[in-house]
Amino acid sequence: MNLKRIVPASWGLVPNWAKTDPESFRKKSNTLNARLESIFEKSSFRDSARDKRCLILADGFFEPHHEQNVSIPYFCFQPSKEYPKGDLFLFAGLYNELDSDLYTTTILTTEANSFFAEIHNKKKRMPLVLDQNLYLDWFDDISEQSVNEIMATGFTNKEFLAHPVSRDLYKKDVDANKSYIIKEVERNSLF
DNA sequence: CCAGACGTTGTT
DNA sequence: GTCTGG
DNA sequence: CCAGACGTTGTT
DNA sequence: GTCTGG
């Protein structure tokens with residue numbers, strides 16, 4: 001049985017071979033996300049895909065919705081009875097240890113399901129939000145095949161909601177956690 | 001073969 | 001360290 | 001996203 | 001026209 005614990009990690013996985021100079025690695029390579037279709041092939045992710053899988057806590061995220069050549073950010077969240085404005089969920093991700101107790105991490109992305117394809121209608125990708133029933137399996141010492149199986153089928157069945165938010169989100173240095181940012185904006189919404 | 005990348009997303 | 005690109 | 005390529009082979 | 005690279 002693996003030990004699981006919640007630890008802080010910096011966003012942007014740094015693989016072992018780049019540990020000597022993480023800053024220059026991150027300048028050249030954006031590892032904020034990893035396409036799950038290729039994590040076992042990419043040199044930056046392969047080692048972590050084998051034995052450093054993790055889950056990342058969140059209560060919402062933004063996806064761009066394109067309409068008439070303009071991008072409108074949508075706040076996506078998972079309401080529950082207890083937390084109608086957005087309950088916690090877990091992204092499937094990979095991590096690596098830079099130094100003792102200093103971690104870096106990345107969030108897996110996959111082809112959007114029908115709900116997220118309507119929102120993220122250009123690239124049609126979405127983060128892999130893992131089904132509760134697979135949290136433990138994800139940490140196990142499992143084969144590449146099993147990992148692929150979990151990734152292919154493991155997106156949560158719980159309902160997501162989404163609403164448009166201010167384009168201020170795209171301004172430099174804006175704090176996406178400010179309440180006005182996640183507030184729904186008035187517009188002729190598709191949803 | 002050797003040099004260079006190694007990654008994803010899409011606003012300003 | 002290993003793969004990709006020229 | 002926009003600018004630029006759009007092709008193949010593999011030695012010293 | 002479409003893909004690739006930055």
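Reminder, nothing fancy here: chain letters follow the sequence lines and each chain counts from 1.
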Short side-chain N/O contact to B/dG7 OP1/OP2 from A/R26, under 4.0 Å: no
P gap between D/dC1 and B/dT11, integer Å: 6 Å
Candidates B/dG10, B/dG7, B/dC6 - which lies nearest the side chain of A/H120: B/dG10
Separation of atom CD1 in A/I39 from atom P in C/dT2, rounded to whole Å: 19 Å
pair A/W17-A/F25: side-chain heavy atoms closer than 4.5 Å: yes
Cluster link A/F45 to A/Y103, ILVMFWY, side chain under 4.5 Å: no
D/dA3 pairs with, by Watson-Crick or G-U criteria that keep both distances under 3.5 Å: E/dT4
Value in whole Å for how far the P atom of C/dT2 lies from CH2 of A/W17: 12 Å
Closest contact, heavy atoms only, A/F116 versus A/C76: CE2-SG, 3.7 Å
Using a cut-off of under 3.5 Å, enumerate the N/O to N/O pairs linking the protein to nucleotides 1-3 of chain D.
from  : atom 1 : to     : atom 2 : distance (Å)
D/dC1 : OP1    : A/K122 : NZ     : 2.8

base_contact_polar (B/dC6 base, A/S43 side chain, donor-acceptor, <3.5 Å): yes
Atom P, compared across D/dT12 and B/dA3: separation rounded to whole Å: 14 Å
Side chains of A/S10 and A/R26, donor plus acceptor under 3.5 Å: yes
Touch class at under 4.0 angstrom, heavy-atom based, for A/T109 against every strand present: sugar-phosphate
Below 4.0 Å: OP1/OP2 of B/dG10 and any side-chain N or O of A/S71: no
Listed nucleotide nearest any side-chain atom of A/S29, set B/dG7, B/dT12, B/dT9: B/dG7
Rounded distance (Å) that lies between atom P of B/dG7 and atom CG of A/L13: 11 Å
Rounded distance (Å) that lies between atom P of E/dT4 and atom NZ of A/K123: 12 Å
Student check: side-chain heavy atoms of A/M126 and A/F155 closer than 4.5 Å: yes
side-chain hydrogen bond (donor to acceptor under 3.5 Å, both in side chains): pairs with one or both residues in residues 50-61 of chain A, sequence neighbours excluded: none
Polar contact flag, side-chain donor to acceptor under 3.5 angstrom, A/R125-A/T109: yes
Separation between the P atoms of C/dC3 and B/dG10, rounded to whole Å: 29 Å
Distance, P atom - from C/dT2 to B/dT9, rounded to whole angstrom: 26 Å
Pair A/N16, A/D47: side-chain N/O donor-acceptor within cut-off below 3.5 Å: no
Nearest-Å distance for atom pair CD/P, residues A/E67 and B/dT11: 13 Å
Under-4.0 Å side-chain N/O to phosphate OP1/OP2 contact, A/R35 with B/dT9: yes
Spacing between A/H65 atom NE2 and B/dG10 atom P, to the nearest angstrom: 13 Å
Between B/dT9 (C1') and A/N121 (CG): distance, integer Å: 15 Å
D/dC6 and C/dG5, which share atom name P, separated by this distance in whole Å: 12 Å
A/R46 CZ to C/dC3 C1', straight-line distance once rounded to whole Å: 9 Å
